Protein chains: 2
Amino acid sequence: MEKKQRKLPDSCGLGPALAVIGGKWKALLLWQIHQAQPCRFGELKRLQPEISEKMLIQHLREMEADGIIHREVFHQVPPRVEYSVTPEGAELDLALAPLGEWGEKHQERAEKAKAGAARAARTAAEGAARG
Amino acid sequence: MEKKQRKLPDSCGLGPALAVIGGKWKALLLWQIHQAQPCRFGELKRLQPEISEKMLIQHLREMEADGIIHREVFHQVPPRVEYSVTPEGAELDLALAPLGEWGEKHQERAEKAKAGAARAARTAAEGAARG
DNA sequence: ACAAGTACAGACAAAAAAGTAAGGTACCTA
DNA sequence: TAGGTACCTTACTTTTTTGTCTGTACTTGT
């Protein structure tokens with residue numbers, strides 16, 4: 001098992017929380033599984049083709065170990081595995097919502113700031129050209 | 001500038017949000033600055049002696065660039081720099097609250113589960129010894 | 001026979017984040 | 001002249017995380 005998880009300092013419960021959803025794709029996965037519940041491994045792979053299989057499995061396993069998703073194996077052939085969120089995972093998804101909203105707002109602001117800076121730079125350049 | 005920030009995929013605004021508070025100590029710093037506002041560099045260093053000066057500065061600078069904290073330099077000697085949270089930073093801190101609560105609950109559950117597992121293992125061992 | 005689909009596992013390498021240790025400025029005190 | 005305070009900067013190393021690629025076991029379709 002290649003898990004050690006960079007230990008986060010935990011005053012308030014943020015350390016443990018970030019340890020659980022800190023992975024690069026975990027929040028996204030939780031969100032997608034919550035949407036398309038229950039969904040299969042291959043489905044997730046198709047939904048997010050940018051994730052490598054290794055990371056997909058690794059994250060799924062860690063999330064399972066953390067109790068936020070449930071994994072059910074059907075002994076069929078070809079194999080079939082279904083993932084769904086646990087009640088705890090659903091709560092986490094909910095707790096993540098305000099953060100997501102903040103992120104969107106922040107992103108907009110950052111874009112505006114960048115546009116503003118570009119405009120200012122242009123104006124400054126014109127001013128300099130006029131001398 | 002040694003910042004590239006592991007790019008997080010962003011459906012919903014979680015990507016950008018985690019990019020901002022994903023650093024090992026950032027959430028903690030934001031929280032502490034919010035508490036003891038305004039506070040000086042040395043103060044933060046004393047409050048959290050485990051952070052190396054390098055990470056402290058690096059995180060503070062990134063958070064400043066992200067617009068969640070404000071840095072004010074007083075041209076005195078010895079130098080004096082004060083950090084405070086911006087309105088945007090305060091909002092983030094608020095948005096982080098539910099996540100923190102989830103983290104605490106989750107931690108408790110995890111501890112109970114571990115205790116339960118240990119008890120079960122003990123019982124099983126006793127059973128085996130008798131059997 | 002051979003490709004394709006399912007759900008993984010493992011070795012290895014690259015990239016990113018964090019840590020360590022030393023130095024640098026600018027002024028003050030002994 | 002040495003040492004102290006406050007706030008950093010830089011170079012270098014280690015640790016952690018992510019990515020690439022190859023392989024498994026079994027069945028179905030051509």
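None of the values given here were measured: they were computed from a predicted structure. The sequence lines fix the lettering, A, B, ..., with proteins before strands; numbering per chain opens at 1.
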Can you list, pair by pair, the side-chain donor-acceptor contacts under 3.5 Å of residues 84-100 of chain B, counting residues two or more places apart and other chains?
unit_1 : atom_1 : unit_2 : atom_2 : d
B/T86  : OG1    : B/G67  : O      : 2.7
B/T86  : OG1    : B/I68  : O      : 3.2
B/T86  : OG1    : B/E88  : N      : 3.4
B/T86  : OG1    : B/G89  : N      : 3.0
B/E88  : OE2    : A/H106 : ND1    : 2.5
B/E88  : OE2    : A/R109 : NE     : 3.1
B/E88  : OE2    : A/R109 : NH2    : 3.4
B/E91  : OE1    : A/K105 : NZ     : 3.3
B/D93  : OD2    : B/H34  : ND1    : 2.5

If I take atom CD1 in residue B/I51 and atom P in nucleotide C/dA17, what distance separates them, rounded to the nearest angstrom? 17 Å
Indicate the atoms forming the closest heavy-atom contact of A/Q48 with A/L28, along with that distance. CD-CD2, 3.6 Å
A/Q35 side chain to A/Q32 backbone, donor-acceptor under 3.5 Å: no
Looking for any heavy atom pair under 4.0 Å, which part of the strands does B/H59 touch: base, sugar-phosphate only, or nothing? sugar-phosphate
Integer-rounded Å distance: D/dT16 P and A/Q58 CD: 14 Å
Given atom CG of B/L18 and atom P of C/dA16, what is their separation to the nearest angstrom? 18 Å
In whole angstroms, the gap separating C1' of D/dT13 from CE of B/M55 amounts to 15 Å
Rounded off to whole Å, could you give me the CG-to-P distance for the B/L56 and C/dT20 pair? 14 Å
In degrees, rounded to 10°, what is the bend between the two ends of the helix from C/dA1-D/dT30 to C/dA30-D/dT1, using five pairs at each? 30°
Report whether A/V73 and A/L44 are members of the same hydrophobic cluster (ILVMFWY, side-chain heavy atoms less than 4.5 Å apart, transitive linking). yes
Sorted by chain and number, sequence neighbours left out, side-chain hydrogen bond (donor to acceptor under 3.5 Å, both in side chains) with A/H59 holds for none
Protein-nucleotides 2-10 of chain C N/O pairs under 3.5 Å:
unit_1 : atom_1 : unit_2 : atom_2 : d
C/dT6  : O3'    : A/R40  : NH2    : 3.0
C/dT6  : O3'    : A/P79  : O      : 3.2
C/dA7  : OP1    : A/R40  : NE     : 3.0
C/dA7  : OP1    : A/R40  : NH2    : 2.8
C/dA7  : OP2    : A/G42  : N      : 3.0
C/dC8  : OP1    : A/R61  : NH2    : 3.0
C/dC8  : OP1    : A/R71  : NE     : 3.3
C/dC8  : OP1    : A/R71  : NH2    : 2.4
C/dC8  : OP2    : A/Y83  : OH     : 2.8
C/dC8  : N4     : A/E53  : OE1    : 2.6
C/dA9  : OP1    : A/R61  : NH1    : 2.9
C/dA9  : OP2    : A/R61  : NH1    : 3.2

Between NZ of A/K26 and C1' of D/dT17 the distance, given in whole Å, is 11 Å
Write down the distance between CZ (B/F74) and P (C/dC27), rounded to a whole number of angstrom. 19 Å
Using side chain to side chain contact (heavy atoms under 4.5 Å, CB included) as the criterion, list what pairs up with A/E101, not counting sequence neighbours. none
If the cut-off is 4.0 Å, is A/W25 near the phosphate of D/dT17, judged by side-chain N/O to OP1 or OP2? no
Rounded off to whole Å, could you give me the CD-to-P distance for the A/E50 and D/dG19 pair? 9 Å
Of all the heavy-atom pairs spanning B/C39 and B/A36, show the shortest one and how long it is. CB-O, 3.4 Å
Do any N or O atoms from the side chain of B/Q107 and from the backbone of B/E104 form a donor-acceptor pair under 3.5 angstrom? no
Could you note down all residue pairs passing side-chain hydrogen bond (donor to acceptor under 3.5 Å, both in side chains) where residues 71-81 of chain B supplies at least one of them, sequence neighbours left out? B/R71-B/Y83, B/R80-B/E82
